[in-house]
**Q** 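Please read through the structure below; I'll follow up with questions.
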Amino acid sequence: QVQLAESGGGLVQVGGSLRLSCAASGDTVSSYGMGWFRQAPGKEREFVAAIRRSGPGTYYANSVKGRFTASRDNANNAVYLQMNSLKPEDTAVYYCAAAPGFKIMSSLLNRNEYTYWGQGTQVTVSS
């Protein structure tokens, strides 16, 4: 069983950047498909980005494509979300999540495929 802890959130101005980290313990991130999700007040938790357990493959929501980059660091047992050109609509609590087993990419877009979740980190983009 893996435990996940996000960090790196904060307050940033429009057009700024943040890098979120998700540190794993209890197991290795290389054993899971990893995802980033976000939830704004009054809204459903939505998919942001996913990294497959093995092989190439990183997928992004259309709303963040070209601005966000997800990566996995097996040596440090962590995943990251680099967020550039931030917009007010990016304001949300961001969560990382781990999906056990081998998943096809389309499955990793679905939050119900993820078993383990971090506690979230707040990102606020001010205009």
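Because the structure is a prediction, the values reported are computed rather than measured.
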**Q** Suppose we screen for ring pair (Phe, Tyr, Trp, His ring centres under 6.0 Å). Which residues come up paired with F47, at least two apart in sequence or across chains?
**A**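 Ring pair (Phe, Tyr, Trp, His ring centres under 6.0 Å) list for F47, sorted by chain: F37.
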
**Q** Hey, quick one: are L108 and Y94 part of the same hydrophobic cluster, counting side-chain heavy atoms closer than 4.5 Å, chains of contacts allowed?
**A**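 Different hydrophobic clusters.
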
**Q** Mark yes or no: R45 above the aromatic ring of Y95, with NZ or CZ under 6.0 Å from the six-membered ring centre and no more than 45 degrees from the axis.
**A**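 That pair qualifies as a cation-pi contact.
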
**Q** Holding to side chain to side chain donor-acceptor pair (under 3.5 Å), I want the full list of residues that pass it with Q119, two or more places apart in sequence or in another chain.
**A**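 Not a single residue meets the side chain to side chain donor-acceptor pair (under 3.5 Å) criterion with Q119.
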
**Q** Would you say Y114 ends up clustered with V79 if hydrophobic residues are merged whenever their side chains have heavy atoms under 4.5 Å apart, either directly or through other cluster members?
**A**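 No, separate clusters.
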
**Q** With ILVMFWY side chains joined below 4.5 Å, transitively, what does I51's cluster contain besides itself?
**A**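 Members alongside I51: none; it stands by itself.
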
**Q** Among pairs that include at least one residue of residues 28-37, which meet side chain to side chain donor-acceptor pair (under 3.5 Å), considering only residues two or more places apart or in two chains?
**A**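 Every pair satisfying side chain to side chain donor-acceptor pair (under 3.5 Å) with a residue in residues 28-37: D27-Y32, T28-S30, T28-S31.
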
**Q** Which residues pass the side chain to side chain donor-acceptor pair (under 3.5 Å) test with S7, sequence neighbours left out?
**A**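 With neighbours one apart ignored, the set is empty.
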
**Q** Which heavy-atom pair separates A98 from L4 by the least distance, and what is that distance?
**A**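 Of all heavy-atom pairs spanning A98 and L4, the closest is N-CD1, 3.8 Å.
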
**Q** Kindly work out whether a path of hydrophobic side-chain contacts (I/L/V/M/F/W/Y, heavy atoms less than 4.5 Å apart) joins Y59 to L81.
**A**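 Different clusters: Y59 never reaches L81 through Ile, Leu, Val, Met, Phe, Trp or Tyr contacts under 4.5 Å.
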
**Q** Name the atoms and distances for all side-chain donor-acceptor pairs under 3.5 Å in residues 8-23, with sequence neighbours left out.
**A**
| unit_1 | atom_1 | unit_2 | atom_2 | d |
| --- | --- | --- | --- | --- |
| S17 | OG | N84 | OD1 | 2.9 |

**Q** Test of understanding: with side-chain contact (heavy atoms from CB on, under 4.5 Å), list the residues that count as partners of A78, not counting sequence neighbours.
**A**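 With neighbours one apart ignored, the set is Y80.
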
**Q** Taking E6 for the side chain and T121 for the main chain, is one N or O donor matched with an acceptor at less than 3.5 Å?
**A**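 No: the side chain of E6 does not pair with the backbone of T121.
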
**Q** Provide the full list of salt bridge (charged side-chain N to carboxylate O under 4.0 Å, His left out) pairs with a residue in residues 57-83, sequence neighbours left out, each pair given once.
**A**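 Salt bridge (charged side-chain N to carboxylate O under 4.0 Å, His left out) check on residues 57-83 returns R67-D90.
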
**Q** Would you kindly confirm whether Y60 and L86 end up in one hydrophobic cluster when ILVMFWY residues are joined by side chain heavy atoms under 4.5 Å apart?
**A**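 Yes, one cluster joins them.
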
**Q** Among all residues two or more places apart in sequence or in another chain, which pass the side chain to side chain donor-acceptor pair (under 3.5 Å) test with T58?
**A**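 Not a single residue meets the side chain to side chain donor-acceptor pair (under 3.5 Å) criterion with T58.
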
**Q** About how many Å separate SG of C96 and CZ of R38, when rounded to the nearest 0.5 Å?
**A**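 Reported to 0.5 Å precision, the distance equals 15.5 Å.
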
**Q** Linking I/L/V/M/F/W/Y whenever their side-chain heavy atoms sit closer than 4.5 Å, directly or via other members, would M34 and W117 fall into one cluster?
**A**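 No.
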
**Q** Other than F102, what residues sit in its cluster of Ile, Leu, Val, Met, Phe, Trp and Tyr side chains whose heavy atoms are under 4.5 Å apart, directly or through others?
**A**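 Members besides F102: none; it forms no cluster.
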
**Q** Could I get the full list of side chain to side chain donor-acceptor pair (under 3.5 Å) partners for T124, not counting sequence neighbours?
**A**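 For T124 the side chain to side chain donor-acceptor pair (under 3.5 Å) partners, ignoring immediate neighbours, are Q122.
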
**Q** Which residue pairs satisfy the salt bridge (charged side-chain N to carboxylate O under 4.0 Å, His left out) criterion with at least one member in residues 93-119, sequence neighbours excluded?
**A**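 For residues 93-119, and leaving out neighbouring residues, the salt bridge (charged side-chain N to carboxylate O under 4.0 Å, His left out) pairs sorted by first residue read E44-R111, K103-E113.
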
